Number of protein chains: 2
Amino acid sequence: MKTAPASARADEPRWLTDEEQRVWRSYIDATTLLEDHLDRQLQRDAGMPHVYYGLLVRLAESPRRRLRMTELAMSAKITRSRLSHAVARLEKNGWVRREDCPSDKRGQFAVLTDEGQEVLRRHAPGHVDAVRQAVFDRLTPEQQKSLGEIMRIIAEGLQPSEAGADLPWLR
Amino acid sequence: MKTAPASARADEPRWLTDEEQRVWRSYIDATTLLEDHLDRQLQRDAGMPHVYYGLLVRLAESPRRRLRMTELAMSAKITRSRLSHAVARLEKNGWVRREDCPSDKRGQFAVLTDEGQEVLRRHAPGHVDAVRQAVFDRLTPEQQKSLGEIMRIIAEGLQPSEAGADLPWLR
DNA sequence: CGGTGGAAGTTGAGAGTTCAAGCACGCTGG
DNA sequence: CCAGCGTGCTTGAACTCTCAACTTCCACCG
């Protein structure tokens with residue numbers, strides 16, 4: 001990367017200013033370190049990466065502890081392919097079970113098993129602690145609010161456009 | 001996850017409040033989507049994931065376009081192992097070359113080649129654009145400043161503690 | 001009906017990451 | 001001077017993720 005030119009030419013890209021660069025580096029550093037940290041914590045304690053844990057959480061919060069594959073994928077912001085592999089693995093662990101969708105023979109539900117529920121119950125405290133220690137305990141209430149707003153803005157800008165608004169089975 | 005209990009028992013973990021949960025979800029969503037977005041953009045245009053691109057950038061900024069493996073790993077916040085694999089791949093592409101360290105026979109330098117430099121030059125504009133569109137163009141100056149501060153705080157809390165302050169070859 | 005396009009989900013191969021182990025070398029104390 | 005511990009870096013295997021097919025089924029149109 002470069003510093004912003006004193007006089008910007010039209011064909012020159014708008015480089016990041018020094019200050020923007022510092023912000024961006026901090027973002028990269030923080031997200032890299034944090035993802036790594038949480039992955040390690042959960043891998044060690046619960047035997048799965050952070051994304052997988054997130055999948056279980058979403059299932060646990062859903063009615064009848066189940067979600068259509070596509071719905072779960074969108075909710076977790078991952079591809080269906082990735083989810084397929086993930087669920088296969090979680091199924092092997094006995095934490096998730098697949099069920100056919102009665103109304104659409106192509107459809108599959110991912111269902112949280114009792115074992116899955118139990119794993120979650122057992123490891124949620126440790127995970128929450130990790131998140132608190134790394135994030136919330138270090139930020140003022142204003143910063144927390146700010147972080148929420150900023151992240152919401154960034155996420156909205158990247159959403160596959162109004163996704164989820166048009167799932168037939170939700171209507 | 002759960003909502004915060006009305007009366008907190010001492011042995012109950014300090015669950016995230018609803019508001020904290022919303023912030024945390026936004027964080028997860030934004031970072032997942034953004035990492036994915038940048039990875040895809042760079043993979044498509046430059047033929048490498050975002051982390052690898054970051055490695056080239058750090059080398060380009062270093063004196064004599066070279067860095068000791070450990071130094072580079074710390075700077076990028078990744079493990080040495082991961083770096084070893086990454087550099088092996090970049091070497092195959094001809095973008096990085098390894099060089100022995102004269103003063104420490106165990107040591108290795110990763111050196112950015114001319115080809116590597118060129119790849120960077122060619123794809124930096126696209127990358128900066130992507131970052132701008134996804135992040136900076138959507139945030140007010142205050143939010144940018146805030147983001148920088150917050151991320152710096154989080155990153156500092158997770159640093160392997162004062163790392164880099166004790167590299168012998170830096171003294 | 002029957003065809004056709006699209007949606008749901010899976011699969012396999014290749015690329016990237018992690019983790020534990022390993023090799024080679026530097027450094028320090030006896 | 002050399003034994004032994006620590007450092008710098010690499011390696012291989014197991015695991016995860018991506019990308020591009022592919023299968024199956026739904027929905028719509030004539």
Side-chain angles (χ1 to χ4, degrees), chain A residues 32 35-44 46-55 67-74 76-93 96 98-110 160 163-164 166-171, chain B residues 32 35-44 46-55 67-74 76-93 96 98-110 160 163-164 166-171:
Chain A
T32 307
E35 194 192 320
D36 219 70
H37 182 67
L38 295 180
D39 265 347
R40 239 180 269 287
Q41 189 262 320
L42 279 170
Q43 190 69 59
R44 174 169 48 76
M48 67 187 136
H50 184 217
V51 192
Y52 289 23
Y53 180 89
L55 297 175
L67 239 29
R68 285 286 291 269
M69 293 296 278
T70 297
E71 236 179 325
L72 182 50
M74 294 179 86
K77 271 81 190 168
I78 64 178
T79 62
R80 290 175 207 168
S81 172
R82 186 173 176 183
L83 181 62
S84 261
H85 289 297
V87 167
R89 199 276 220 180
L90 292 171
E91 211 170 10
K92 240 175 243 161
N93 282 267
V96 165
R98 285 182 217 248
E99 262 184 41
D100 292 344
C101 175
S103 62
D104 185 339
K105 279 177 197 160
R106 296 165 304 176
Q108 288 279 104
F109 282 104
D166 53 345
L167 276 323
W169 62 75
L170 285 183
R171 277 196 278 109
Chain B
T32 306
E35 193 192 322
D36 219 70
H37 182 66
L38 296 181
D39 264 347
R40 241 180 267 286
Q41 188 263 321
L42 279 170
Q43 190 68 58
R44 175 167 48 74
M48 68 186 135
H50 185 217
V51 192
Y52 288 25
Y53 180 88
L55 297 175
L67 239 29
R68 285 286 293 268
M69 293 294 280
T70 298
E71 236 178 326
L72 181 50
M74 294 179 86
K77 271 80 191 170
I78 64 178
T79 63
R80 289 171 216 186
S81 170
R82 186 172 175 185
L83 181 62
S84 262
H85 289 296
V87 167
R89 200 275 220 180
L90 292 171
E91 210 169 11
K92 241 175 244 161
N93 283 269
V96 164
R98 285 183 219 248
E99 263 184 42
D100 292 345
C101 175
S103 62
D104 186 337
K105 278 175 197 160
R106 295 165 306 176
Q108 288 278 102
F109 282 103
D166 53 344
L167 275 325
W169 61 76
L170 286 183
R171 279 195 279 107

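Throughout, protein chains are lettered first and strands after them, A, B, ... in sequence-line order, and every chain is numbered starting at 1. A quick note: this is a predicted structure, and the numbers were derived from the prediction, not measured.
Using a 4.5 Å heavy-atom threshold, the side chains of B:Lys77 and A:Asp36 count as separate. Contact check for B:Arg82 versus B:Val51: side-chain heavy atoms found under the 4.5 Å cut-off. Looking at heavy atoms from C-beta onward, A:Glu91 lies in side-chain contact with A:Arg98 at the 4.5 angstrom threshold.
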* Dump the intermediate steps for side chain to side chain contact (heavy atoms under 4.5 Å, CB included) on A:Asn93 and A:Met48, then the final yes or no. => CA-CA 10 Å; A:Asn93 282 267; A:Met48 67 187 136; over 6 Å; no
* Asked: Can B:Leu83 and B:Leu55 be said to form a side chain to side chain contact (heavy atoms under 4.5 Å, CB included), step by step?
  -> CA-CA 9 Å; B:Leu83 181 62; B:Leu55 297 175; 3.9 Å; yes
* To do: Begin from the C-alpha positions of A:Asp104 and A:Arg68 and carry the test side chain to side chain contact (heavy atoms under 4.5 Å, CB included) through to its verdict.
  => CA-CA 11 Å; A:Asp104 185 339; A:Arg68 285 286 291 269; 4.0 Å; yes
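A straight line from NE2 of B:His85 to P of C:dT17 spans 9 Å, rounded to a whole angstrom. Whole-Å rounding puts the B:Asp36 CG to C:dG16 P distance at 15 Å. Note: CD (A:Gln108) to P (D:dC26) measures 13 Å, nearest angstrom. The distance between atom CZ of A:Arg89 and atom P of D:dT18, rounded to the nearest whole Å, is 16 Å. In this structure, the CG atom of B:Leu90 is 13 Å from the P atom of D:dT10, given to the nearest Å. Put simply, CZ on A:Arg98 is 8 Å from C1' on C:dT10, counting in whole angstrom units. Between the P atom of C:dA13 and the CZ atom of A:Arg82 lies a distance of 21 Å, rounded to the nearest Å. The separation between A:Arg40 atom CZ and C:dT17 atom P is 13 Å, rounded to whole Å.
Taking 3.5 Å as the limit, the base of D:dC9 and the side chain of B:Ser84 contain no donor-acceptor pair of atoms between them. Contact of A:Ser81 with C:dT11 (side chain to base): a donor-acceptor pair of N or O atoms is detected under 3.5 Å. A donor and an acceptor atom sit less than 3.5 Å apart, one in the side chain of B:Arg106 and one in the base of D:dT7.
The C1' atoms of five pairs define one axis at each end of the helix from C:dC1-D:dG30 to C:dG30-D:dC1, and these two axes lie 10° apart (to 10°).
In terms of position along DNA chain C, the nucleotide closest to A:Ala88 lies nearer the 5' end than the nucleotide closest to the other residue of the pair A:Ala88 and B:Gln43.
Note that CZ of A:Arg106 and OG1 of A:Thr70 are 9.5 Å apart. Values are rounded to the nearest 0.5 Å.
Dashed line: the shortest gap from a side-chain N or O of B:Tyr52 to OP1 or OP2 of C:dT17 is under 4.0 Å.
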